[in-house]
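To keep things clear, I will list the structure first and then write my remarks on it.
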Amino acid sequence: MSAVIGALPSPRVGRARPRPRATLVLAIGILAIALAWAFVPGLFTAHDPLAGVAAEALQPPSPAHPFGTDATGRDLLARVVFGAGNSLAGAALAVLVGLIAGTAIGVLAGSSGGFVEEALMRVVDVLLAIPGLLLALSVIVLLGFGVTNAAIAVGITSIAVFARLARSQVVRVRRTDYVEAAFGSGGTFLAVLRRHVLPNSLGAVVALAALQFGSAILQISTLGFLGYGAPPPIPEWGLLIAESRDYVATAWWLTTLPGLVVAAVVLAANRIAAAIRESSA
Amino acid sequence: MTEPLLTIDDLAVSYRARRERRTALEGLSLELGRGEVLALVGESGSGKSTTAQSIVGLLPEGGRIDRGSIALRLAGGPIDLARLEGRALEDIRGRRVALVPQDPGTSLNPVQTIGASVAAPLRIHRWGRPEAIRRRVVELLDRVGLDDPERRARQHPHELSGGMRQRALIAAAIALEPELIIADEPTSALDVTVQRRILDLLDDLRGELGSSVLLITHDLAVAAERADAIAVLRGGRLEEAGPTRAVLEQPASRYTATLLADAPALADESPRAPRPPAEPFVVVERLAHEYGRGADAHRAVDDVGFGIERGTTHALVGESGSGKTTIGRAVAGFHAPSAGGIRIGDRDVVAARRDRSLRRVVQLVSQNPFASLDPRRTVAQSIGEPLQNLGAPDGRRLDRRELASRVSAAIAHVALPPDAGDRLPRELSGGQRQRVAIARALIIEPAVVVLDEAVSALDVTVQAQILALLERLQGELGLTYLFITHDLAVVRRIADTVTVLRQGRAVETGTAEQVLLRPRHGYTRALLDAVPSPDWLRTSSAAGIDPTPLEVA
């Protein structure tokens with residue numbers, strides 16, 4: 001109570017704040033729609049994402065084709081809707097790979113300390129030193145092309161970030177009085193780790209996972225754009241944009257509309273990550 | 001009789017808390033005369049700091065003055081600080097009303113020199129040319145008793161001790177010779193001997209400048225010693241106010257009487273009588289501990305030894321940096337000392353440090369009740385944890401039902417409400433959390449409990465309750481306590497034997513009666529002298545009713 005006087009210089013009284021909830025609700029809504037596209041794409045479009053009608057090629061957005069059509073007359077909205085499954089599943093897999101491997105490394109390093117910690121964290125430093133895209137491409141070259149392999153490659157690039165965050169959280173929690181008290185209560189290393197260290201350190205890691213979900217969508221799209229992801233004609237968001245780049249000047253909707261969808265989903269994931277971080281802090 | 005400098009009339013302040021507004025002050029009225037010291041006394045949450053913040057217009061975000069007035073009578077006529085805003089308020093702040101903050105550790109900008117920090121109010125109020133300000137800063141630093149003020153002005157906060165930083169903050173506060181100095185717990189973060197010197201300095205400056213001082217403190221003894229008048233706050237309301245002596249000798253409210261009875265420094269009780277000597281149960285021999293290695297090594301504990309008999313309390317007393325916590329943690333088996341031995345009964349603590357069965361023998365209750373409980377686990381989970389880890393005191397594994405019944409017995413034992421088990425630490429008060437920590441330490445029925453400043457962070461009434469609880473449990477369970485504290489008044493209440501530490505060395509060891517009443521070492525005497533207590537209390541007891549250790553000290 002009396003400690004606040006020096007710390008709070010703000011003399012202003014009762015400042016009105018914007019409502020942060022509205023943007024969070026919007027973000028959850030966007031992500032929910034994207035997930036619905038992934039699971040039941042048939043509900044959102046009557047068109048076939050693969051079969052085109054040549055007569056309707058390169059039509060601008062219209063009531064019949066809200067996102068327009070591409071060079072082979074396929075409905076773009078249908079391709080975006082059906083592409084959600086590939087892109088989101090890939091992002092989820094990528095996050096899962098990074099989350100599980102990175103957290104395991106980070107928790108092991110943070111909780112064991114000493115030589116093990118040094119060794120693991122230097123490996124992580126090496127991972128961090130390699131540019132993400134280069135690392136992902138190298139992994140794909142080793143594993144072969146395809147949606148799943150692209151996702152695994154993206155996941156591997158995020159291991160280092162997860163490992164560093166998990167380690168810093170574990171180290172922070174390990175220094176707290178309550179962890180010492182838990183050892184003082186006769187707790188074994190594993191019991192203390194399970195009961196106190198993990199529950200108190202993983203909140204920030206979960207927030208990072210949501211953040212990484214957004215960037216994984218971007219990275220997978222990048223790989224798709226470069227031709228290392230899903231092979232055509234499978235609809236995938238990055239590939240959709242890549243295929244349309246020849247028509248940027250003549251058919252703006254082919255790149256712009258899928259690009260906006262990707263941007264909206266990524267921003268929504270970031271907003272949700274921020275909310276998780278706030279509530280776990 | 002001149003008009004008072006400051007008159008607070010029917011002040012009400014509330015804070016926004018989630019949906020509703022929480023009242024922090026409700027109809028507070030106070031008067032502070034010119035050149036006087038008014039002590040604002042109360043426990044945490046009583047509204048002391050809110051009062052100070054209202055006066056200087058620094059209420060935290062969400063705080064609002066709902067009604068009432070704060071009249072400051074200056075030469076140019078009275079000003080209502082409650083209505084003042086913007087420039088007009090800034091003009092008053094620092095120039096007419098200055099604040100000495102609570103924590104000298106965090107109140108100075110770490111990247112600014114001391115000189116720049118002290119010069120800030122002079123610069124803001126355009127006191128003079130840079131050259132004149134520089135001279136004035138050195139003069140001020142000299143006035144607050146910092147040695148070599150020219151050099152101090154060039155130093156950064158981390159190069160100064162806590163007491164020196166507080167002096168620098170006082171220098172900044174008096175820079176413009178304000179009419180009113182608000183000192184918000186100015187010495188709570190400092191050692192007792194430093195506290196005494198800082199309070200002396202504030203007294204001197206008040207006499208010299210003729211300023212009035214609003215002294216905010218949780219420590220009734222400080223208020224009793226230093227203030228002309230006392231106002232007791234409780235839950236945002238004024239319990240009572242009046243001249244210091246009248247309030248303390250004939251408290252009008254029962255709450256004040258409770259506060260007085262619970263303040264260990266004011267209590268007229270003798271130390272525990274010495275017991276016939278017996279075989280010590282806990283033995284610490286030639287203990288030494290060094291932090292760092294080689295040339296950087298810092299000897300935190302140097303050749304300390306003492307013994308504790310079974311069922312008694314041994315107090316380790318010392319100021320910050322005296323090594324008391326290092327010793328306590330070594331006794332509890334939390335780290336190995338660099339040299340020396342620790343035995344509990346026939347167990348070698350140093351050798352068995354990593355042995356989990358040692359936890360059945362010795363438990364530690366740490367200083368901070370807010371940090372020592374896992375925020376995500378309920379009270380029952382925290383208290384039951386030692387049983388889960390180690391089984392029952394006799395070594396059996398417990399089933400769920402038995403665990404639950406033992407936990408609820410432990411909750412009852414430390415006088416927590418029965419439904420406390422399902423709550424999370426953040427839903428408990430500081431005193432309740434410390435009860436949880438004590439229950440967790442005791443559920444395994446250890447023979448020895450190390451209490452590291454276990455009551456220091458608590459309000460006096462809560463402190464008195466916890467001390468009573470510890471005494472009761474000692475009687476019931478025959479516990480042996482190693483009680484670490486900086487507060488000699490608490491030692492008098494609870495200790496059988498005492499070791500006084502200074503910079504890692506034991507300067508004096510003996511029974512509480514001997515150390516507190518007939519100290520042999522100069523440092524012990526200095527510590528005892530520094531315990532605040534009003535002169536009239538000392539003289540009244542010297543007049544011959546009941547000799548107290550304070551009188552002897």
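Labels below follow one simple rule: chain letters A, B, ... track the order of the sequence lines, proteins then strands, and each chain is numbered from 1.
Ranked by non-hydrogen atom pairs under 4.5 Å with chain A, the options B:Leu358, B:Asn389, B:Leu373, B:Leu387 are led by B:Asn389. The greatest number of non-hydrogen atom pairs below 4.5 Å with chain A, out of B:Gln381, B:Arg377, B:Arg440, is found for B:Arg377.
Using a 4.5 Å cut-off between heavy atoms, B:Arg329 contacts chain A through its side chain alone, with no backbone atom that close. When heavy atoms are compared at a cutoff of 4.5 Å, B:Ser366 approaches chain A solely by way of its side chain, counted from C-beta outward.
For the pair A:Arg195 and A:Phe183, the NZ or CZ position fails the cation-pi test of under 6.0 Å to the six-membered ring centre and within 45 degrees of the ring normal.
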B:Lys48/B:Asp184 under salt bridge (Lys or Arg N to Asp or Glu O under 4.0 Å): CA gap, chis, key distance, verdict | CA-CA 8 Å; B:Lys48 321 186 283 284; B:Asp184 185 4; over 6 Å; no
Report the C-alpha separation of B:Asp219 and B:Thr217 in whole Å, then their side-chain angles, then the decisive distance to 0.1 Å, and conclude whether the side chain to side chain donor-acceptor pair (under 3.5 Å) test is met.
-> CA-CA 5 Å; B:Asp219 189 340; B:Thr217 180; 5.4 Å; no
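A:Tyr178 and A:His196 have tilted rings, their planes meeting at an angle from 30° to 60° on a 0 to 90° scale.
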